[in-house]
Amino acid sequence: MPDVKKYDIIIAGAGMSGLSLAWYLAKGGYKGKVLLTDKSFAPHNTKTWCFWTKDQPPFSEIIYRKWRKSYFSGLGFDSYLYMNEHCYYCIRENDFKEYVLSELRNHKNFTLLEESILDFSSNKSKAVLVTKDSHTYLADYIFQSIFSPSEQISYSIKYPLIQHFLGYEIKTNSPKFDAETFTIMDVDTSFKKGFAFMYVLPFRDNKALVEFTVFSPEPMKKKKYKKKIRKFLKKKLGLEKEDYKIIRKEYGEIPMNDQPAIPFYSSEKVINLGTMAGLTKPSTGYTFKRVQDFSKQLAESLIQTGKPESSAPSKFRYRYYDLLLLHILANSTEDSQRVFRDLFKNNSLDLLFDFLSEDTNFGQDLKVMSSVPYAPFLKAISKNLIP
Ligand SMILES: Cc1cc2nc3c(=O)[nH]c(=O)nc-3n(C[C@H](O)[C@H](O)[C@H](O)COP(=O)(O)OP(=O)(O)OC[C@H]3O[C@@H](n4cnc5c(N)ncnc54)[C@H](O)[C@@H]3O)c2cc1C
């Protein structure tokens, strides 16, 4: 009989959500035995996570950059947007991994295991993790951020959009960026196959991440994003190829769809985390802050009761607003451009961030919604009378 190792909790996948849960458990004084497992713990700096908050930011010690000033451009509206209450933060993936893993190594009840996971199963009392090398690990609960839950695969999505992007982190030969101002959207009205924009995070006056981003159903060939970035750098900043060096690339595809959040992978013993739990905000793709709030709540419940309790990621009305915006994004690039332009033109960034954080009252929702063209929303409502 092979030796089967037993734990109280297994965290399968040590990416953003797995590490976040492990962090809140460790910092909250969880006493059970935890196995944290991933196919690799090696650093690979492929992501920068940005988020906004009015409060003290999570992981404040490793915030790489922060901004209070933003820039929006699109359909004749070009403006600086100032935040009085919020701040926009950026954390680099490697800093996050290193910081969390070094903390976990100080906790004797946490075991880190580098192995590729094959699947999970469960019975009434235990959850089982099987690795590709046929090793088996048992726990009361598995928290996983690796595989799509089977229910999710069978759900028929009405608006199957993704946010796809390619970014170059570049270093220029001379100062070219205003390091105090990030570009939230520089809308590309020449792009017709989806809502597209450039997103720029200036880290220094000669260093920035410049990302071409599209909301549409399909990703594109890499050379198309590259062409857009090169063109933007030339047109907006006068930069020829020889004026900058590419020091890092970042590619992503983030789900933006109407799939309901699925809390469990296969049974209540195997619980989804992160993107697999539907924690990505459908209309924006932002995930980091929602994962922090969710993981904190989950860890507190495990510490206090031994049971994993957490609330649904979104209230009904916000899910409905997301659905309407997804309808517009999926059906008309022109309407999408007008809606985003008017959102930024007619509202403060603080109010928009509250709205997108699902932290507004109904009066504020009405203010935001009355700031955009009615016709696309009325069409979207007529197609989604039963959400
Ligand atoms: C390039 C990029 C940039 C992003 N930027 C932002 C941002 O600025 N703000 C924001 O809010 N969101 C952002 N997101 C969205 C989201 O925050 C990230 O995708 C985030 O990493 C999701 O966390 P996760 O834990 O669900 O998945 P991941 O972080 O991808 O973690 C999954 C883990 O599972 C492991 N794994 C996979 N298969 C196996 C296997 N078979 N066996 C063992 N381990 C396995 C992987 O190695 C990985 O560590 C970004 C996404 C991408 C792709």
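Note that the coordinates shown come from a computational prediction; the quantities given were computed from them, not determined experimentally. Atoms within each ligand, like the ligands themselves, are counted from 1 in listed order. No hydrogens, no waters, no symmetry mates; every other heavy atom, side chains included, goes into these values.
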List the closest protein heavy-atom neighbour of [atom]: residue, atom name, distance to the nearest 0.1 Å.
| atom | value |
| --- | --- |
| atom 43 (C) of ligand 1 | Lys39 N, 3.2 Å |
| atom 9 (N) of ligand 1 | Cys50 O, 2.9 Å |
| atom 10 (C) of ligand 1 | Thr287 N, 3.4 Å |
| atom 45 (C) of ligand 1 | Ile146 CD1, 3.5 Å |
| atom 21 (O) of ligand 1 | Lys47 NZ, 2.9 Å |
| atom 23 (O) of ligand 1 | Met16 CB, 3.5 Å |
| atom 26 (O) of ligand 1 | Thr275 N, 2.9 Å |
| atom 40 (C) of ligand 1 | Ile117 N, 3.7 Å |

Can you figure out which of [options] has its heavy atom closest to [atom]?
| atom | options | result |
| --- | --- | --- |
| atom 32 (C) of ligand 1 | Ser145, Gly252, Gly13 | Ser145 |
| atom 2 (C) of ligand 1 | Tyr199, Tyr286, Phe165 | Phe165 |
| atom 49 (O) of ligand 1 | Asp38, Leu273, Asp119, Leu19 | Asp38 |
| atom 25 (O) of ligand 1 | Ala12, Ser17, Gly274, Pro255 | Ser17 |

Counting heavy atoms only, which part of [X] comes closer than 4.0 Å to ligand 1: side chain, backbone, both or neither?
| X | answer |
| --- | --- |
| Glu115 | backbone |
| Thr37 | neither |
| Ala14 | backbone |

**Prompt:** Is Phe51 near ligand 1, meaning one of its heavy atoms is under 4.0 Å from it?
**Reply:**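 False for this residue.
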**Prompt:** Relative to the heavy atoms of Ile254, which atoms of ligand 1 are at a distance of less than 4.0 Å?
**Reply:**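 The atoms of ligand 1 under 4.0 Å from a heavy atom of Ile254 are 14 (N), 15 (C), 50 (C), 51 (C).
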**Message:** Could you tell me, atom by atom, which parts of ligand 1 come under 4.0 Å of a heavy atom of Thr46?
**Reply:**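 Those of ligand 1 that fall under 4.0 Å from Thr46 are 1 (C).
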**Asked** So does Glu358 pair up with Lys281, basic N to acidic O under 4.0 Å?
**Response**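 Result for this pair is yes, salt bridge flagged.
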